[in-house]
Each structure stands twice: as structure tokens, then as C-alpha cells.
Amino acid sequence: MSIGVGIIGAGVMGADHARIIARQVAGAHLVAISDADEDRARAIAAETGAKRAVNDPLGVIADPEVGAVLIASPDSTHADFTIACIRAGKPVLCEKPLAPTAAEGMRVIDAELSAGLRLVQLGFMRRFDPGYTEMKGLLESGRYGEALAFHCVHRNATAPAYFDSVAAIVNSCVHEVDIARHVLSAELSSVRVFRAKKSKLAHFDDPMLVVFETDKGQLVDVELFLNAQYGYDVKGELICETGTISFGPALNTEVRSSGVTATGLAADWRPRFSAAYRIQNQAWIESITGGSPVGSSAWDGYVATTVTDAGVRSLKTGETVAIAYEKRPLLYT
Ligand code: ISE
């Protein structure tokens with residue numbers, strides 16, 4: 001059986017997902033792609049063999065040939081489109097974040113609870129990255145004792161013009177929020193955002209250092225530097241009682257020449273996390289055709305927005321902000 005997939009959004013991520021579904025995922029085919037810019041949708045549909053290109057996101061969700069929906073439209077539209085998928089009873093893989101704020105994210109939780117069924121997977125692809133997966137496995141082996149701290153680095157070459165300091169937290173740092181909860185099997189209990197000396201090449205507070213405490217007493221620090229110029233660079237190092245666990249950049253061809261050793265760096269997150277996206281999308285399709293839900297749930301997405309809300313408050317006040325959320329365990333324990 002092959003699942004007909006509809007994609008909402010044909011921008012950078014929508015186009016990437018369309019290519020992955022068309023070329024790298026078994027058990028799925030592309031039915032429709034929608035974008036506010038119909039020409040853009042048409043170009044990706046032609047490239048990937050999707051049957052229909054439209055400017056009608058709700059039409060894609062209602063399309064009887066669409067069995068599952070992938071949302072890659074702007075962040076502010078994620079919650080509404082996800083709720084429409086839940087109401088239509090269709091499984092949905094929604095790009096992160098679930099919503100720009102926790103209040104908006106809670107509407108998705110309420111919709112899923114009324115449906116009484118987990119239909120939402122959040123596109124926190126790092127949970128499927130081989131580096132993070134191995135890190136979590138090694139930690140859980142117990143060989144290195146308990147994790148005490150987690151150093152994270154999140155650098156982009158340049159941030160888009162529409163980005164600001166809040167977006168750096170809500171759209172970028174949200175990845176570390178989710179992956180830290182996942183790798184450490186812990187909840188983040190407080191956050192403090194520090195602004196470093198601002199780069200002359202940045203149009204907002206960049207870099208920043210974001211420091212979280214977990215409910216297990218661990219520290220998670222994230223260097224967010226979204227105008228680092230030299231390339232895309234994501235690192236993680238777990239500090240455990242008897243050792244450390246880290247992973248290298250995923251593009252690992254090494255060139256030695258003229259007295260220098262060089263390894264390539266990705267230009268952005270798509271090549272760096274290409275394996276993660278492929279594994280994530282395949283796992284999503286398999287979870288629909290017979291397995292149980294995988295990856296981050298709507299609840300994980302909601303918790304992440306609660307944490308980024310607190311991060312934004314800390315950014316504005318300069319203070320440590322406690323993180324608290326109302327637990328609605330029904331579908332999510
Ligand atoms: C972007 O939206 C992503 O999701 C990337 O994975 C992340 O690294 C980047 O910082 C975000 O802006």
C-alpha cells in the first residue's frame with residue numbers, strides 16, 4: 001500500500017520534503033503540493049511528479065487521495081493547518097515549531113485530545129539523526145555514568161532578513177530544547193538568555209548563550225550564532241561522570257593538502273541533517289501504515305513552545321525564568 005501525501009508549503013523545507021518523499025521514501029507518493037505562490041508549487045510538482053499543484057491548503061487536506069499531510073508553511077500557520085488535519089482525521093507531519101507560542105500550541109493539544117487519537121508528529125528531525133541517536137544510546141548504556149551537562153552549538157552561516165532575536169529562540173533554539181529533553185530524558189525547568197557582544201554582521205542579538213537547568217539538576221548550554229558566516233555547524237557534547245560523548249559534523253570527507261587537513265561544512269541544515277530528514281520521513285510513513293507513532297508528538301511540540309516562551313521572557317528581562325506547564329497526560333504519557 002502506498003500513502004498519498006499532500007504537502008502544504010513549497011518553500012525551502014516544503015520543496016526539500018517533496019524531494020525526499022518522491023525519491024527516498026518507500027510506501028508513499030506525492031498527490032498534491034500547495035503554496036501561496038502557485039508557480040512555486042507547480043515547479044516542485046513538476047520536478048517531483050506530484051499530481052496536483054494548487055494554492056489551496058485546506059483543499060489539500062480535504063483531498064480524498066491525500067492520506068497524510070506534511071506541513072511546511074510559515075510557522076504562524078502550523079497550528080491552524082495541523083488542527084484542520086486532526087479534524088479531517090489525517091496523520092500529519094508538521095515542521096517545527098508547533099506554534100510561535102504555547103497558547104497557540106495548546107489549541108492543537110485540545111484538538112488532538114478531542115479526536116482521541118495521536119495524529120500529529122512534529123518535524124524535530126534531530127531525533128532521527130544518527131549522531132544524536134548514538135549519543136542517547138551510549139548514555140542509556142550506563143557505561144559513562146549519569147549525564148551532568150550538555151554543551152550545544154547551533155551556528156548558521158547567515159540568518160534570513162526576517163529573523164530577529166525572538167525568532168532565534170523560537171525557530172532555532174527550539175531544536176536544542178527538543179533534543180535536550182529527548183537525549184537526557186529530562187524536562188527543562190529554567191532558562192536564562194545571555195547576549196554576547198553583538199556581531200557587526202548581525203541584525204539582531206547574535207550570538208547568544210542560552211542556559212537551561214533540567215529537573216535532574218543538569219545544565220544545558222546552547223551557543224546560538226546565526227550569522228557565523230563560515231557555514232552551518234551543529235555540535236553536541238554530553239559531559240558524563242566518567243566520560244564525554246560527542247559527534248562530529250555529518251559531512252566527513254577529509255582533504256589533506258598543503259599542510260592543512262580540511263573537512264567540508266554544510267551550507268545549511270538540509271545537507272547536514274539529510275539522513276535525519278530521510279529517516280524521519282520514512283519512519284512517519286511506516287508509523288501510518290502499521291506501526292505506532294514515532295518522533296516528537298504534539299505534546300513535545302507544546303512543551304517546546306512553553307520553553308521558548310520562557311526563553312523569550314528571559315531575553316526581554318535578562319532574568320532566569322522558571323518553566324512550568326500544565327500537564328494533560330491523557331494521550332501523551
Ligand atoms: C531553521 O528554521 C531550522 O529549522 C534549522 O534546522 C535550524 O538549524 C535553523 O537555525 C533554523 O532557522
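Counting starts at 1 for both ligands and their atoms, following the listed order. Numbers for residues simply follow the sequence, beginning at 1.
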Enumerate, one pair per line, all nitrogen or oxygen atoms of ligand 1 lying under 3.5 Å from a protein nitrogen or oxygen, stating the separation to 0.1 Å; write 'none' if no such pair exists.
from, atom 1, to, atom 2, distance (Å)
ligand 1, 2 (O), K96, NZ, 3.1
ligand 1, 2 (O), N171, OD1, 2.6
ligand 1, 4 (O), K96, NZ, 2.8
ligand 1, 4 (O), H175, NE2, 2.9
ligand 1, 6 (O), H175, NE2, 3.0
ligand 1, 8 (O), H154, NE2, 2.8
ligand 1, 8 (O), Y232, OH, 2.5
ligand 1, 10 (O), H154, NE2, 2.8
ligand 1, 10 (O), N156, OD1, 3.4
ligand 1, 10 (O), N156, ND2, 3.0
ligand 1, 10 (O), S172, OG, 2.8
ligand 1, 12 (O), N171, OD1, 3.0
ligand 1, 12 (O), S172, OG, 3.1

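For the 3.5 Å distance criterion, the side chains of S185 and K136 qualify, holding a donor opposite an acceptor. Side-chain atoms of S190 and E213 include a donor-acceptor pair closer than 3.5 Å.
In terms of the side chain to side chain donor-acceptor pair (under 3.5 Å) criterion, residue partners of N227 (sequence neighbours excluded) are, by chain and number, D206.
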Let me have the donor-acceptor pairs involving side chains of residues 282-290, under 3.5 Å, with sequence neighbours excluded, atom names and distances please.
from, atom 1, to, atom 2, distance (Å)
Q282, OE1, A26, N, 2.8
Q282, NE2, A26, O, 3.0
Q282, NE2, E286, OE2, 3.1
S287, OG, W284, O, 2.6
T289, OG1, I285, O, 3.2
T289, OG1, E286, O, 3.3

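When each of E176, H151, M208 is tested with V222 by the rule side chain to side chain contact (heavy atoms under 4.5 Å, CB included), just one qualifies, namely E176.
Under the ring pair (Phe, Tyr, Trp, His ring centres under 6.0 Å) criterion, no residue pair touches residues 178-224, with sequence neighbours excluded.
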